[in-house]
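Step one of this worksheet: look at the structure below.
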Amino acid sequence: MKSDKNKLEVTIPDFEPRHIFECGQCFRWNREDDGSYTGVAHGKVLNVLKDGEKIVFDNIVEGDFEAVWENYFDLKRDYSEIEKQLSKLDETMENAVAFGRGMRILNQDPWETLVSFIISANNGVARIKGIVENLSERYGPELGEYKGKMRYGFPEASVISSLDEEDIRVCGAGYRDKYILKAARAVSGNSGWLESVCGLDTEDARSELIRLNGVGPKVSDCILLFSMKKMDTFPVDVWVRRTMEYFYLHKKSSPEEISAFAEAYFGDLKGFAQQYLFHYARQNSIGK
DNA sequence: CTGCAGGGGTAAA
DNA sequence: TTTACCCCTGCA
């Protein structure tokens with residue numbers, strides 16, 4: 001590990017920024033001209049560049065690698081082993097893993113993830129990113145300038161709860177404005193509730209999340225997988241459904257049938273399997 | 001440039 | 001089980 005001021009260079013195996021940031025799990029990371037990515041997470045601005053075997057973290061605050069980023073990037077987990085296990089299942093997984101090698105499942109902030117995936121319903125990635133950015137610029141905290149641009153953190157639930165529907169609508173959220181507002185009021189009015197959901201087992205956490213308006217089976221699974229370390233979930237969206245039907249089920253199947261198959265076939269690794277499959281399918285338009 | 005489908009689901013009928 | 005939903009983006 002080598003450090004400069006605001007810069008930290010670390011050798012990390014299985015770390016490919018493109019696959020981590022463009023596999024559809026996060027919405028606040030953007031590619032720079034030099035191939036690095038700049039993003040905001042947990043109220044911090046960071047730039048990540050892959051330089052051969054080395055990962056260069058820029059704009060990093062002393063101590064934050066251990067305090068924040070090690071967990072955020074899931075660095076304690078052995079992805080080589082996961083990739084090996086999944087690859088030997090069949091040729092599809094072998095291809096999916098080969099394509100997305102270096103992907104990692106992030107540990108994002110539950111509140112931000114909850115809102116982001118409420119927005120994701122019936123929506124494309126480009127627009128989701130725009131809405132999340134608008135919410136942050138209008139109502140989030142200033143985090144200082146980086147590369148000549150002011151950066152903003154995602155607004156707290158208490159801040160959003162004091163807005164009205166129109167304030168959220170102007171960010172481009174469309175009919176989801178009501179859902180976001182209700183979620184903000186539920187979360188800020190029940191202090192500790194969202195944190196307590198993280199502590200429940202997957203089944204119970206899921207039923208809690210689904211009580212929120214705008215959160216159904218798919219959105220709840222994404223929140224569980226991308227912000228609550230519930231790796232035994234298998235979010236079934238249109239891409240995963242098409243891919244699973246195409247490669248495994250060979251017929252039109254309901255999300256429940258697909259989940260059941262995934263449970264039996266991928267077991268404990270189904271969360272990771274989902275992410276490799278989703279990324280592989282979407283980037284290559286498989287099944288469409 | 002204008003027009004028009006279609007989108008990483010969900011709630012309500 | 002089916003249908004409407006905001007509105008931005010992509011592509012005729």
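Below, chain A is the first sequence line, B the second, and so on; all start at residue 1. Not measured: the values here are computed from a predicted model.
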message = At under 4.0 Å between heavy atoms, how does the protein contact nucleotides 7-12 of chain C? Give one character per nucleotide, 5' to 3', with B, S or -.
response = BS----
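- Across B/dA13 and C/dC6, the matching P atoms stand 14 Å from one another, rounded to whole Å.
- Sorted by first then second residue, the ring-ring contact (aromatic ring centres under 6.0 Å, His included) pairs that include residues 168-216 of chain A, not counting sequence neighbours, number zero.
- A/E256 has its CD atom 10 Å from the P atom of C/dT1, to the nearest Å.
- Residue A/D237 contributes atom CG, which lies 10 Å from atom P of B/dT10 at whole-angstrom precision.
- Taking atom CH2 of residue A/W239 and atom P of nucleotide B/dG7, one finds them 9 Å apart after rounding to whole Å.
- Heavy atoms of A/P217 sit under 4.0 angstrom from primed sugar atoms or phosphate atoms, though from no base atom.
- Toward the 5' end of DNA chain B, the nearer of the two residues A/K182 and A/Q275, judged by each one's closest nucleotide, is A/Q275.
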remark   = Pairing string of DNA chain C (Watson-Crick or G-U wobble, both atom distances under 3.5 Å; | = paired to other strand) is |||||.||||||
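- When ring centroids are compared, A/F73 and A/F65 stay outside the 6.0 Å threshold.
- Residue contacts for A/V125: at a heavy-atom cut-off of 4.0 Å it reaches a base atom on one of the strands shown.
- When each of B/dT10, B/dA11, C/dC6 is scored by its nearest atom to the side-chain atoms of A/N213, the top-ranked nucleotide is B/dA11.
- A/L212 comes within 4.0 angstrom of the backbone, heavy atoms only, and of no base.
- The separation of B/dG8 from C/dT1, taken at their P atoms, amounts to 24 Å, rounded to a whole angstrom.
- The CD1 atom of A/I128 sits 14 Å away from the C1' atom of C/dC6 (whole-angstrom rounding).
- Distance check, rounded to the nearest 0.5 Å: CE of A/M228 to OG1 of A/T202 gives 11.0 Å.
- Within the model, atoms CG of A/D33 and NZ of A/K147 stand 9.0 Å from one another, a figure rounded to the nearest 0.5 Å.
- The OH atom of A/Y280 sits 19 Å away from the C1' atom of B/dG8 (whole-angstrom rounding).
- Taking only distance into account, the side chain of A/Y179 never meets the base of B/dG9 through a donor-acceptor pair shorter than 3.5 Å.
- Between A/E32 atom CD and A/W29 atom CH2 the span is 10.5 Å, to the nearest 0.5 Å.
- Crowding of A/K129 atom NZ: a count of heavy atoms from other residues, nucleotides or ligands under 6.0 Å exceeding 12.
- Contact annotation for A/V215: backbone-only contact, meaning every heavy-atom pair under 4.0 Å involves sugar-phosphate atoms and none involves a base.
- Crowding of A/N30 atom CG: a count of heavy atoms from other residues, nucleotides or ligands under 6.0 Å exceeding 12.
- Using a 4.0 Å cut-off between a side-chain N of Lys or Arg and a carboxylate O of Asp or Glu, A/D232 and A/K270 do not qualify as a salt bridge.
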